[in-house]
Amino acid sequence: MMHYISTRSQEMVTSAEAIARGIAGDGGLYVPESFPVLSADAVAKLIPMSYKERAKYLLSLFLTDYSVAEIDRCVEGAYTGNFDHDEPAPLAEVEKNMCLLELWHGPTCAFKDMALQLLPRLLTVAVDKVEKGKQIVILVATSGDTGKAALEGFADVPGTRIVVFYPCDGVSAMQKLQMITQDGANVAVAGIKGNFDDAQTGVKAIFADERMRALLAQHNMAFSSANSINFGRLVPQVVYYVSAWCDLIKTGKLQRMDRFNVVVPTGNFGNILAAYYAKQMGVPVDKFVCASNRNNVLTDFLKSGIYDRNRAFYATSSPSMDILISSNLERLLFHVSGGDGAMVSHWMKQLSTSGKYAVSDEVRQRIQSEFFGGFCDEESTRRTIGELFEKDHYLCDPHTAVAVDVYRQYAKQTGDRKLALIASTASAYKFAPAVLPAVYVG
Ligand SMILES: *Cc1c(COP(=O)(O)O)cnc(C)c1O
């Protein structure tokens, strides 16, 4: 039986409890106590499998209190008919040794669908196990893509209600339209004055409010989260990194023992953390390249070990990465500090009181041995979209362009030409007003 512990204390729960609650009672995030490691045999079995079969196998390693039949039902429901490919996460080798993992073939055209088609199903099963009969009220803070993907995933799911908070002036026109036109009897959407960080801080404060929790309990309701603070968002993301590795081996681009790099356009640090988790399971990732836009708080942190959110906030053409408080970094800090919940609590307290904390040299070096941080400004984002289109006949969205540009910076600086798997996180058509001028040379 796998257990999950909070990053801030040793509060220990099962996977169903972690998913049903979303966030730990002490404000921490649930992480697996240890990671299941894939044997050579398991990998050999995974390689010829379909995406859904791989997902079922990998989920069963993490969600040990779910039955085989439950996982089967969740995975079939999530990945059958909702994606425009049979294989929901195809690879595109755009240049030699540079493969884009296209994660946006789902209903809302962003990678969030990969997890948010599955999460409501996992959550309903979890609630049945641990909070039977309760209505679950999902609160979501979004920088644009999570909101719609969560609404789409939870619309009319029995036993759930969902409220999404988005920055009124911080999302693209299409993202806003997608959210405010959502169908469903159990959905609500609210635009807030402020940015994503304000939305996320507000939602976390509601979760932590004893009075609110008591009020919900009186109505036989309980809160949960569909943001990547919920572990149930991360497991489906671990699946696509393991699956992509299997595909790279299957298509002869990698040998079984070859190391490769993973590049991720990063906001809340959930997607890149899922890749880190895949490595803990034995996927031979060498470096994680963490790509930011002008909101480069993570780039600075990865260089200096100082996390400082006291800085200007920019609205960019990659709005889903316009974030200054990357929640899931807390999980990485917990892992690299040897599970030191007291230390993590201390840093997070400093972050909430002064907006800043510094990790020890040892923790910084440990992170730097695996993570490279870089950022890409608006002009380079535009240029990268144009170049990929012209040279490689590949149309990418601004978030993916940020990743491609930072990967090029990395390769140039280090000379590291190992195969790069780049997470392509949104369809170019979702961000047409930014993409069109970048490819149109009239
Ligand atoms: C959410 C999102 C990101 C950032 O992912 P995180 O897991 O928050 O780091 C990047 N690109 C797109 C298109 C997104 O929707």
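Order of appearance sets the numbers: ligands from 1, and atoms from 1 within every ligand.
- Taking every heavy atom of G270 and a limit of under 4.0 angstrom, the matching atoms of ligand 1 come to 6 (P), 7 (O), 9 (O).
- Ligand 1 places these atoms under 4.0 Å from at least one heavy atom of T266: 9 (O).
- For the pair S327/K204, a side-chain contact is recorded, criterion being any heavy-atom separation below 4.5 Å from C-beta on.
- In this structure, Y410 has its ring center under 6.0 Å from that of F372.
- Shortest contact from atom 14 (C) of ligand 1 to any protein heavy atom: K112 NZ, 2.9 Å.
- Summarising the geometry of A18 relative to N230, their closest heavy-atom pair is O-OD1, 4.0 Å, with the distance given to 0.1 Å.
- Atom 7 (O) of ligand 1 has N271 N, 2.9 Å as its closest protein atom, hydrogens excluded (heavy atom only).
- Polar contact check, H399 against ligand 1: no nitrogen or oxygen pair lies under 3.5 Å apart.
- Residues E330 and W347 are not in side-chain contact: their nearest non-hydrogen atoms beyond the backbone lie 4.5 Å or more apart.
- Considering backbone and side-chain atoms together, A110 places no N or O closer than 3.5 Å to any N or O of ligand 1.
- Remark: distances from the non-hydrogen atoms of W104 to ligand 1 are all 4.0 Å or more.
- Listed by atom number, the atoms of ligand 1 under 4.0 Å from D145 heavy atoms are 12 (C), 13 (C), 14 (C), 15 (O).
- For atom 4 (C) of ligand 1, the nearest protein heavy atom (residue, atom name, distance) is G267 N, 3.5 Å.
- For an aromatic pair to be called close, the ring centres must be under 6.0 Å apart, and Y357 with H346 fails this.
- The distance from ligand 1 to the heavy atoms of M321 drops below 4.0 Å at these ligand atoms: 10 (C).
- When only non-hydrogen protein atoms are considered, atom 6 (P) of ligand 1 lies nearest to N268 N, 3.5 Å.
- Annotation: atom 10 (C) of ligand 1 to nearest protein heavy atom, P265 O, 3.5 Å.
- Looking at K287 and T414, their side chains never come closer than 4.5 Å, going by heavy atoms from C-beta outward.
- Close approach to A426 involves these atoms of ligand 1, each under 4.0 Å from a residue heavy atom: 13 (C).
- Taking the six-membered ring for Trp and the full ring otherwise, F35 and H335 have centroids separated by under 6.0 Å.
- Remark: ligand 1 and T146 share no N or O pair separated by less than 3.5 Å (distance only, no angle test).
- Regarding atom 12 (C) of ligand 1, its nearest protein heavy-atom neighbour is T425 OG1, 3.4 Å.
- Judged purely by atom type and a 3.5 angstrom limit, N295 has no side-chain atom pairing as donor or acceptor with the backbone of I323.
- Remark: K303 does not engage D300 in a salt bridge, criterion side-chain N to carboxylate O under 4.0 Å.
- V336 has its side chain within reach of Y276: a pair of non-hydrogen atoms, C-beta onward, lies under 4.5 Å apart.
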